Amino acid sequence: MSHLTQDKDALLKRVRRINGQVQALERALEGDADCASTLHLAAAIRGAVHGLMDQLIEAHAREHVARPGLSDEQRNQGLEEVLEAIRRYAK
């Protein structure tokens with residue numbers, strides 16, 4: 001996804017934040033943190049991953065489905081790719 005290089009820094013920052021959240025959850029589980037705090041950490045990770053997925057889906061759709069000049073075949077392929085990603089993510 002060469003078009004993602006434009007947003008590479010922002011995407012990497014998101015991924016690093018998610019990584020930090022996962023590490024915090026791991027520490028909470030190792031340290032026997034209270035249940036409510038652990039649930040909040042897990043929920044925050046889920047929200048962060050949803051935000052990342054939204055950003056990636058939007059970038060893909062704009063580049064491989066909505067960009068002017070794409071052939072019908074390219075547009076259909078881009079659509080199928082994004083739909084497959086959504087199906088996998090929704091499981």
Side-chain angles (χ1 to χ4, degrees):
M1 291 187 175
S2 61
H3 59 281
L4 292 179
T5 57
Q6 297 168 348
D7 296 327
K8 185 176 181 176
D9 290 339
L11 290 169
L12 287 172
K13 284 179 186 177
R14 267 188 187 263
V15 169
R16 288 180 184 126
R17 278 194 303 271
I18 292 168
N19 185 42
Q21 290 173 311
V22 170
Q23 289 174 1
L25 178 58
E26 182 178 2
R27 286 190 303 272
L29 292 169
E30 287 175 344
D32 294 325
D34 67 276
C35 186
S37 296
T38 305
L39 287 169
H40 287 287
L41 287 169
I45 293 167
R46 183 176 184 206
V49 171
H50 279 303
L52 174 63
M53 190 66 172
D54 288 347
Q55 189 174 1
L56 292 170
I57 287 171
E58 180 178 345
H60 182 85
R62 289 185 185 282
E63 181 66 22
H64 298 285
V65 179
R67 183 171 48 90
L70 292 174
S71 68
D72 287 343
E73 183 179 335
Q74 290 171 316
R75 202 173 303 284
N76 286 335
Q77 180 180 346
L79 177 61
E80 288 304 317
E81 290 168 351
V82 78
L83 290 175
E84 180 60 25
I86 291 168
R87 281 187 208 104
R88 286 176 178 257
Y89 185 69
K91 286 186 178 184

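Just so it is clear, the structure is predicted and the values come from calculations on it, not from any experiment.
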**Q** Using the side chain to side chain donor-acceptor pair (under 3.5 Å) criterion, which residues pair with R67? Sequence neighbours excluded.
**A** E63
**Q** Suppose the criterion is side chain to side chain donor-acceptor pair (under 3.5 Å): which pairs have a residue in residues 23-35, not counting sequence neighbours?
**A** D34-S37
**Q** Can you pull out every ring pair (Phe, Tyr, Trp, His ring centres under 6.0 Å) where at least one residue sits in residues 5-35? Sequence neighbours excluded, please.
**A** none
**Q** For residues 9-34, pull every pair meeting ring pair (Phe, Tyr, Trp, His ring centres under 6.0 Å), keeping only residues two or more places apart or in separate chains.
**A** none
**Q** Tell me, yes or no, whether the heavy-atom count around R75 atom CZ, taken from other residues, nucleotides or ligands under 6.0 Å, exceeds 12.
**A** yes
**Q** Partners of H40 by ring-ring contact (aromatic ring centres under 6.0 Å, His included), sequence neighbours excluded?
**A** none
**Q** Mind checking what makes side-chain contact (heavy atoms from CB on, under 4.5 Å) contact with L41, not counting sequence neighbours?
**A** A24, L25, A28
**Q** Sort and list the pairs that fulfil ring pair (Phe, Tyr, Trp, His ring centres under 6.0 Å) and have at least one residue in residues 6-26, not counting sequence neighbours.
**A** none
**Q** What pairs of donor and acceptor atoms, side-chain ones from residues 15-22 against any protein atom, are under 3.5 angstrom apart with sequence neighbours left out?
**A**
none

**Q** Among residues two or more places apart or on two chains, list those pairs meeting ring pair (Phe, Tyr, Trp, His ring centres under 6.0 Å) that have a residue in residues 8-30.
**A** none
**Q** Atom CE in M53, atom CG in L56: separation rounded to 0.5 Å?
**A** 7.0 Å
**Q** With hydrophobic residues grouped by side-chain heavy-atom distances under 4.5 Å, do I57 and V65 end up in a single group?
**A** yes
**Q** Could I get the full list of salt bridge (charged side-chain N to carboxylate O under 4.0 Å, His left out) partners for R62, not counting sequence neighbours?
**A** E58
**Q** Tell me which donor-acceptor pairs under 3.5 Å the side chains of residues 79-91 have, and how far apart each pair is, sequence neighbours excluded?
**A**
residue : atom : partner : partner atom : Å
E81     : OE1  : H60     : NE2          : 3.3
E81     : OE2  : Q77     : NE2          : 3.1
E84     : OE1  : R87     : NH1          : 3.4
E84     : OE2  : R88     : NE           : 3.1
Y89     : OH   : H50     : N            : 3.4
Y89     : OH   : H50     : ND1          : 2.7

